[in-house]
**Student:** 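The following block contains the structure, expressed as structure tokens.
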Amino acid sequence: MSQRSDSAAPIRVRIAPSPTGDPHVGTAYIGLINYLYARQRNGQFVLRIEDTDRTRFVPTSEQMIFDSLRWLGLNWDEGPDVGGPYGPYRQSERTAIYQEHAGQLLASGHAYRCFCTAEKLEADRKQQIAAKLPPRYPGTCRSLSAEAIEAYLAAGLPFVIRMRVPQEGSTSFTDELRGGITFDHHNVDDQVLLKSDGYPTYHLANVVDDHLMRITDVIRAEEWISSTPKHVLLYQFFGWELPRFWHMPLLRNQDKSKISKRKNPVSLIYYREAGYLPQAVINFLGLMGGGMPADFNNGTEKFTLDEMIASFRHENIRTGGPVFDLTKLKWLNGEYIRALSPDAFYAALRSTLLSDAYLQPIAALIQTRVELLSQFGDLTGFLLNDNTHPPESVFLPKNRSREETLAFVAEQLAVLETADWQPASIESVLKQLSTDKQWSVKENFMLLRAILTGSTMSPPLVESMVIFGKARTLDRMRRFLETEKKRPPAKA
RNA sequence: GGCGCUAUCGUCUAGGGGUUAGGACGUGAGAUUCUCAAUCUUAAAACACGGGUUCGAUUCCCGUUAGCGCUACCA
């Protein structure tokens, strides 16, 4: 029950990203805050991979997370790739641990087996919503008789393990940034702890791992506040000491909603490929929510990771959600670029836009299309520019209205988001879209070509997209839509 | 709908019972420059609303409103 006071245990914090896609800017933000906390207190910064959702697992994701965090300079002391005394650091390799702990809860009566099918659960939920009741697990299996359980088990029915939240009372905890927070138990659901596939849910895994890994401070995003009472209850069920909780504000889109890929570039891969410098991204993230003294460097708001270690104050973090404003990030990035030595600036170009890895495939694409070497730039400008915006006369297909065209671009964006970034896969989702929406492949590809290259004439589209990269391609489409939506429906 | 969190310029933020409410980005104007950037100067721009408490509230308390989050065998 007692929340960790100033015990002598060494400070240990963690970030726990999920390998479900591109590494997220929110992960970098929470990572930075955790990193600073550990470095300021001679503590340990742990990276744990939360790969318990097999349906959303993306194999390439983990390595991208490693690369992106290292790119930003957020180095961890323990993790899947560097090891450490509390491993393994991949939750998929710890399933026996979770099953054992779920078993303990079963034995102590703090958890129970639930045999309800997904269909029944869904039906229950619909009924509750229709009756204007809060959707909650109705407790069907909460007090199954021993005989019934035996029978179900013998019949080989699949089951999950749910936590048994007390019917009465409430659970309170302290959020280090906001003070005391209390939830009545009748607002806390009997959460699934162990799924029928044997993998744990986040709730079980994070509590068990944080305890076993001796985590002293859980610094995570605000969206977890609502489920914290479940975690506190689990600590109590196990008889474990609570960590401190710090719930950070959520990064926001312009419209204040939680930052999302539909409205913002959120992939760290994008920021790297679009030519942001890691110092600028880290600096900008450090501005979100405050934490640095306002008069630092005469209030210019420019500081390095080391300066943040020296001066950042976690207790000064504001709890209002900051809008992630690219305009200011770009200004900061410009400041860092101008501060580079000419050699360092050139080196930065050589390692990104002018690297062999980027240029060589481009050369292969245009070799048959030039008569003079000097025509290289004529054909490839769109791969080297940040912006291309075709006029309506270029992108609008004949016999298609502006409205249906923009709607179609949104569809293209949606299917490309799901695509594996290989030529065959890009081509197949686009052709499928043509079939579904009755747009000819020619119209479809020509429109996309116009958006991405600014012209109706270009090197092969799909190959160009592969070279340009998924993150930048999707961003260019998003920006196109954004600009077109703002533009009054006028002339070409 | 239920529960929770949040509220200072357009945005990021400082401040705090009595202030000309400060800084940064962006925006406007001017200067400088062969152009464009950069740079310099300068201007406009905020305490959500209503009740308290108080000699005095932007600041403390309560409420309202608004925004956001959660409400999964996702994290």
Side-chain angles (χ1 to χ4, degrees), chain A residues 16-21 24 26-27 49-57 91 114-118 121-122 125 128-137 158-162 170 175 177-179 181-206 220-230 247-259 283-302 316-335 337-339:
Chain A
S18 221
T20 53
H24 198 274
T27 302
I49 295 293
E50 307 228 333
D51 55 350
T52 56
D53 185 349
R54 287 144 68 251
T55 62
R56 294 200 306 157
F57 180 72
Q91 290 185 330
C114 168
F115 297 89
C116 295
T117 62
L121 259 18
E122 185 52 35
R125 188 171 305 118
Q128 287 167 331
I129 291 169
K132 299 200 170 180
L133 291 166
R136 293 195 49 201
Y137 180 65
F159 63 90
V160 301
I161 295 179
R162 286 180 185 275
S170 64
D175 179 281
L177 296 175
R178 303 153 214 266
I181 298 177
T182 299
F183 286 83
D184 282 340
H185 286 337
H186 58 255
N187 290 319
V188 183
D189 210 355
D190 276 6
Q191 186 60 237
V192 170
L193 263 18
L194 205 67
K195 304 180 235 181
S196 55
D197 63 5
Y199 281 79
T201 59
Y202 171 85
H203 306 283
L204 206 222
N206 108 86
R220 74 216 320 183
E222 180 183 358
E223 56 193 335
W224 292 109
I225 290 178
S226 311
S227 41
T228 302
K230 293 168 189 169
H247 288 101
M248 298 295 299
L250 246 19
L251 264 22
R252 310 294 182 94
N253 298 313
Q254 293 281 350
D255 65 2
K256 308 277 191 179
S257 57
K258 173 164 101 168
I259 195 166
N283 187 159
F284 185 65
L285 255 14
L287 248 18
M288 302 283 92
M292 282 296 274
D295 57 354
F296 191 84
N297 270 351
N298 293 320
T300 58
E301 308 191 344
K302 279 152 57 182
N316 289 348
I317 292 168
R318 282 166 41 84
T319 44
V323 171
F324 193 86
D325 177 16
L326 263 341
T327 305
K328 189 161 185 176
L329 207 207
K330 271 188 209 159
W331 162 76
L332 254 185
N333 205 61
E335 290 285 304
I337 282 180
R338 289 187 290 272

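The basis for the numbers below is simple: all heavy atoms, side chains too, and nothing from hydrogens, waters or symmetry mates. Chain letters run A, B, ... following the sequence lines, proteins first and then strands; every chain starts at 1.
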**Student:** With rounding to whole Å, what would you report as the distance between B/A48 and B/A7 at their C1' atoms?
**Tutor:** 7 Å
**Student:** Taking 4.0 Å as the cut-off, does a side-chain nitrogen or oxygen of A/R125 come that near to OP1 or OP2 on B/C73?
**Tutor:** yes
**Student:** Just to confirm, is there a sub-4.0 Å distance from OP1 or OP2 of B/A75 to any side-chain nitrogen or oxygen of A/T52?
**Tutor:** yes
**Student:** Return no unless some side-chain N or O of A/R162 is found under 4.0 Å from OP1 or OP2 of B/C73.
**Tutor:** yes
**Student:** What is the pairing partner of B/G26, taking Watson-Crick or G-U wobble pairs with both distances under 3.5 Å in any strand?
**Tutor:** none
**Student:** Once you round it to whole Å, what is the distance between P of B/G69 and CZ of A/R252?
**Tutor:** 7 Å
**Student:** Pick the nucleotide of RNA chain B nearest each of A/G320 and A/G291; which residue has the one closer to the 5' end?
**Tutor:** A/G320
**Student:** Does A/V160 reach a base, just sugar-phosphate, or nothing at all? Heavy atoms under 4.0 Å.
**Tutor:** base
**Student:** Which base sits across from B/U64 as a Watson-Crick or G-U pair, both distances under 3.5 Å?
**Tutor:** B/A48
**Student:** If only atom types and distance count, is the side chain of A/N316 paired as donor or acceptor with the main-chain N or O of A/M292 below 3.5 Å?
**Tutor:** no
**Student:** Give the rounded distance in Å between these two atoms: NZ of A/K132 and C1' of B/U71.
**Tutor:** 17 Å
**Student:** Whom does B/C9 pair with, Watson-Crick or G-U wobble, provided both distances fall under 3.5 Å?
**Tutor:** none
**Student:** Write down the partner of B/U19 under the Watson-Crick or G-U wobble criteria, each distance required to be under 3.5 Å.
**Tutor:** none
**Student:** May I have the distance from A/W331 (atom CH2) to B/U11 (atom C1'), rounded to whole angstrom?
**Tutor:** 13 Å
**Student:** Taking 4.0 Å as the cut-off, does a side-chain nitrogen or oxygen of A/K195 come that near to OP1 or OP2 on B/A72?
**Tutor:** no
**Student:** Evaluate the criterion side chain to side chain contact (heavy atoms under 4.5 Å, CB included) for residue pair A/E301 and A/L332; output intermediate values, then yes/no.
**Tutor:** CA-CA 9 Å; A/E301 308 191 344; A/L332 254 185; over 6 Å; no
**Student:** Under 4.0 angstrom, heavy atoms only, what part of the nucleic acid is A/S227 near: base, sugar-phosphate, or nothing?
**Tutor:** nothing
**Student:** Using atom C1' of each nucleotide, how far apart are B/G23 and B/A45 to the nearest Å?
**Tutor:** 14 Å
**Student:** Watson-Crick or G-U wobble partner for B/C70, using a 3.5 Å limit on both distances?
**Tutor:** B/G2
**Student:** Does B/A57 pair with anything, Watson-Crick or G-U wobble, both distances under 3.5 Å, and if so, with which nucleotide?
**Tutor:** none
**Student:** Under 4.0 Å, counting only non-hydrogen atoms across every strand here, what does A/P200 touch: a base, just sugar-phosphate, or nothing?
**Tutor:** sugar-phosphate
**Student:** Would you mind reporting whether A/K258 and A/E222 have side-chain heavy atoms less than 4.5 Å apart?
**Tutor:** no
**Student:** Under 4.0 Å, counting only non-hydrogen atoms across every strand here, what does A/E335 touch: a base, just sugar-phosphate, or nothing?
**Tutor:** sugar-phosphate
**Student:** Grab the CZ-C1' distance between A/F296 and B/G23 for me, whole Å please.
**Tutor:** 15 Å
**Student:** Given the C1' atoms of B/G69 and B/U58, what is the spacing between them in whole Å?
**Tutor:** 27 Å
**Student:** Given side chain to side chain contact (heavy atoms under 4.5 Å, CB included), test A/N283 with A/E335 step by step and report yes or no.
**Tutor:** CA-CA 11 Å; A/N283 187 159; A/E335 290 285 304; over 6 Å; no
**Student:** Expressed in whole Å, how much space separates the P atoms belonging to B/U19 and B/G28?
**Tutor:** 34 Å
**Student:** What is the distance, rounded to the nearest whole Å, between atom CD of A/E301 and atom C1' of B/G26?
**Tutor:** 12 Å
**Student:** Measure distances between side-chain N and O atoms of A/K328 and base N and O atoms of B/A24, and say whether any donor-acceptor pair falls under 3.5 Å.
**Tutor:** yes
**Student:** Do any N or O atoms from the side chain of A/R162 and from the backbone of A/D190 form a donor-acceptor pair under 3.5 angstrom?
**Tutor:** yes
**Student:** Give none if B/U39 has no partner; otherwise give the nucleotide forming a Watson-Crick or G-U wobble pair with it, both distances under 3.5 Å.
**Tutor:** B/A31
**Student:** Check whether any side-chain N or O of A/R318 sits under 4.0 Å from OP1 or OP2 of B/U6, and answer yes or no.
**Tutor:** no
**Student:** Using the C1' atom on both, measure B/A66 against B/C60 and round to a whole Å.
**Tutor:** 22 Å
**Student:** Is the shortest distance from a Lys or Arg side-chain nitrogen in A/R56 or A/D53 to a carboxylate oxygen in the other one below 4.0 Å?
**Tutor:** yes
**Student:** Any donor-acceptor pair under 3.5 Å joining the side chain of A/T319 to the base of B/C5?
**Tutor:** no
**Student:** With sugar-phosphate meaning primed atoms plus P, OP1 and OP2, does A/R56 contact a base, only sugar-phosphate, or nothing at under 4.0 Å between heavy atoms?
**Tutor:** base
**Student:** Taking the P atom in each of B/A44 and B/U8, what is the distance between them to the nearest angstrom?
**Tutor:** 22 Å
**Student:** With sugar-phosphate meaning primed atoms plus P, OP1 and OP2, does A/F324 contact a base, only sugar-phosphate, or nothing at under 4.0 Å between heavy atoms?
**Tutor:** nothing
**Student:** What is the distance, to the nearest angstrom, from the CZ atom on A/R178 to the C1' atom on B/G69?
**Tutor:** 10 Å
**Student:** If only side-chain N and O atoms count, and only distance matters, is there a donor-acceptor pair under 3.5 Å linking A/S257 with A/D255?
**Tutor:** yes
**Student:** When you match A/L133 and A/D189 each to their closest nucleotide on RNA chain B, which lands nearer the 5' end?
**Tutor:** A/L133
**Student:** A/F183 side chain: which of B/C5, B/G69, B/G4 is closest?
**Tutor:** B/G4
**Student:** Between P on B/A14 and CG on A/N297, what's the gap in Å once rounded to a whole number?
**Tutor:** 17 Å
**Student:** For A/S196, which contact category applies under a 4.0 Å heavy-atom criterion: base, sugar-phosphate, or nothing?
**Tutor:** base
**Student:** Measuring from the side chain of A/R338 (C-beta onward, heavy atoms only), which nucleotide among B/G2, B/U11, B/A38 has the closest atom?
**Tutor:** B/A38
**Student:** Could you tell me whether the side chain of A/P249 reaches within less than 4.5 Å of the side chain of A/I317, counting heavy atoms only?
**Tutor:** yes
**Student:** Could you measure between the two P atoms, the one in B/C3 and the one in B/A24, and give it in whole Å?
**Tutor:** 44 Å
**Student:** In whole angstrom, what separates A/L121's CG from B/C74's P?
**Tutor:** 11 Å
**Student:** When you measure from the side-chain N and O atoms of A/K258 to the phosphate of B/G67, is any distance below 4.0 Å, counting only OP1 and OP2?
**Tutor:** no
**Student:** Check every strand shown and say whether A/P135 touches a base, only sugar-phosphate, or nothing at a heavy-atom separation below 4.0 Å.
**Tutor:** base
